[in-house]
Amino acid sequence: MYKIARKYLGADRQTKYWLMDYYNVNCFRLVSPNRRYRIQRNDEWCAMFTSVIAHMAGIPREQFPYEVSVFYQYKWAKDKGLFFTSGNLATPNDLIIYDWKANGTYDHVGIVVKREKGVITVIEGNKGDTVAYREVSVNSKEVKGF
């Protein structure tokens, strides 16, 4: 997934809107019926970005938490027994879930690119309203899990 995501590094507003339209056309139907929501132009879009990239990578509904909500992506992984908290286990293409304020809120999600020497490199949609890399410690208190 991260190799596909790299194509969108530095995405401008027009590209962001194109990704949102892609989600609404291709991913919306893959979301649980009681959770379906068409993303709007002013919404936070990190979870939408991961869903679009997963769809472009051909990942089936049964293997990915298609969503616009970070919390529901987390819940899907937890319910399936796939959620883990050790950054030392993170591998490329895992989702990484953040809680920036350490208040139990799942604020942001990205795609792991690599883990090396205690640092995880992540590619994220809606980082500064574009697609960008972030580096985070495997022991960061802001990371809720993978």
Side-chain angles (χ1 to χ4, degrees), residues 1-11 15-116 119-127 129-146:
M1 288 191 337
Y2 74 86
K3 290 179 181 177
I4 295 169
R6 289 189 306 208
K7 296 177 188 175
Y8 299 99
L9 284 167
T15 302
K16 175 181 109 171
Y17 290 164
W18 182 88
L19 290 164
M20 289 176 161
D21 291 342
Y22 184 102
Y23 176 90
N24 288 334
V25 170
N26 298 288
C27 302
F28 172 83
R29 63 184 168 76
L30 301 174
V31 178
S32 297
N34 62 330
R35 285 281 320 139
R36 287 187 180 149
Y37 173 80
R38 292 190 191 279
I39 195 156
Q40 307 298 307
R41 297 294 196 230
N42 292 322
D43 289 341
E44 299 295 330
W45 54 281
C46 58
M48 175 279 302
F49 180 73
T50 64
S51 293
V52 166
I53 298 305
H55 187 268
M56 290 176 174
I59 300 173
R61 176 183 188 174
E62 300 78 29
Q63 295 176 13
F64 190 86
Y66 287 94
E67 255 298 340
V68 293
S69 164
V70 176
F71 173 78
Y72 283 99
Q73 285 187 318
Y74 151 78
K75 186 174 179 339
W76 181 95
K78 187 173 183 207
D79 290 349
K80 295 213 177 261
L82 300 172
F83 186 78
F84 59 94
T85 57
S86 174
N88 289 312
L89 300 176
T91 60
N93 297 316
D94 285 341
L95 295 185
I96 181 172
I97 308 278
Y98 301 95
D99 176 2
W100 294 127
K101 298 175 186 171
N103 61 3
T105 302
Y106 303 91
D107 304 310
H108 193 62
V109 63
I111 301 166
V112 173
V113 174
K114 68 180 177 178
R115 176 180 43 86
E116 187 174 81
V119 175
I120 300 169
T121 302
V122 184
I123 191 166
E124 303 168 359
N126 202 31
K127 182 178 184 293
D129 204 33
T130 189
V131 176
Y133 287 114
R134 178 188 312 273
E135 289 187 342
V136 62
S137 166
V138 295
N139 299 316
S140 171
K141 294 182 188 309
E142 296 163 330
V143 175
K144 290 307 270 185
F146 305 84

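Predicted model, so just to flag it, every value in this text is computed and none were measured.
Residue pairs meeting the salt bridge (charged side-chain N to carboxylate O under 4.0 Å, His left out) criterion with at least one partner in residues 17-31, sequence neighbours excluded, are Asp21-Arg41. Sorted by first and then second residue, the salt bridge (charged side-chain N to carboxylate O under 4.0 Å, His left out) pairs involving residues 68-87 (not counting sequence neighbours) are Lys75-Asp79. Identified under the ring-ring contact (aromatic ring centres under 6.0 Å, His included) test for residues 24-57, with sequence neighbours left out: Tyr22-His55.
Side-chain contact check for Met1 versus Ile59: some heavy-atom pair is nearer than 4.5 Å. In this structure the side chain of Gln40 never reaches within 4.5 angstrom of the side chain of Val68, judged on heavy atoms. At a threshold of 4.5 Å between non-hydrogen side-chain atoms, the residues His108 and Arg134 count as touching.
Shown here for Glu44 and Asn126, the closest heavy-atom pair between the two residues is OE1-ND2, 2.5 Å. Residue Ile111 comes nearest to Ile96 through the heavy atom pair N-CG2, 4.4 Å, listed as atom of the first residue, atom of the second, then distance. What you find for Arg61 and Ser32 is that their closest heavy atoms are NH2-CA, 4.0 Å. Across all their heavy atoms, Gln63 and Trp76 have their closest contact at C-CH2, 3.5 Å. The nearest pair of heavy atoms linking Glu124 to Gly110 is CG-CA, 3.8 Å. Taking each heavy atom of Tyr133 and Thr121 in turn, the nearest pair found is CD2-CG2, 4.0 Å.
Here CD1 of Ile4 is found 7.5 Å from CE of Met56. Values are rounded to the nearest 0.5 Å. Distance check: Cys27 SG to Ile53 CD1 gives 9.5 Å after rounding to the nearest 0.5 Å. For the atom pair CG (Leu30) and CZ (Phe64), the distance works out to 10.5 Å, reported to the nearest 0.5 Å. Here Tyr2 contributes atom OH and Asp94 contributes atom CG; the two are 12.0 Å apart, rounded to the nearest 0.5 Å. Note: Asn88 CG to Ile120 CD1 = 7.5 Å, rounded to the nearest 0.5 Å.
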Query raised in the report: Under the side chain to side chain contact (heavy atoms under 4.5 Å, CB included) criterion, do Asn24 and Ile39 qualify, and how do the steps go?
Result: CA-CA 7 Å; Asn24 288 334; Ile39 195 156; 3.6 Å; yes
Requested in this report: Go through the steps for Asp43 and Met48 under the test side chain to side chain contact (heavy atoms under 4.5 Å, CB included), then give the verdict.
Outcome: CA-CA 10 Å; Asp43 289 341; Met48 175 279 302; over 6 Å; no
Report task. Run the numbers on Ile97 and Phe83 for side chain to side chain contact (heavy atoms under 4.5 Å, CB included), then give the verdict. Result -> CA-CA 10 Å; Ile97 308 278; Phe83 186 78; 4.2 Å; yes
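Residues meeting the ring-ring contact (aromatic ring centres under 6.0 Å, His included) test with Tyr23, sequence neighbours left out: none. Residues satisfying the ring-ring contact (aromatic ring centres under 6.0 Å, His included) criterion with Tyr8, sequence neighbours excluded, are absent altogether.
Side-chain contact annotation: Thr105 with Asp107, donor-acceptor N/O pair under 3.5 Å absent.
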Show the atom names and distances, to 0.1 Å, of all donor-acceptor pairs under 3.5 Å that link a side chain in residues 137-146 to residues at least two apart or in another chain.
residue, atom, partner, partner atom, Å
Ser137, OG, Asn139, N, 3.1
Ser140, OG, Glu142, N, 3.1

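When the shell of 6.0 Å around CG of Asn42 is examined, it contains 12 or fewer heavy atoms from other residues, nucleotides or ligands.
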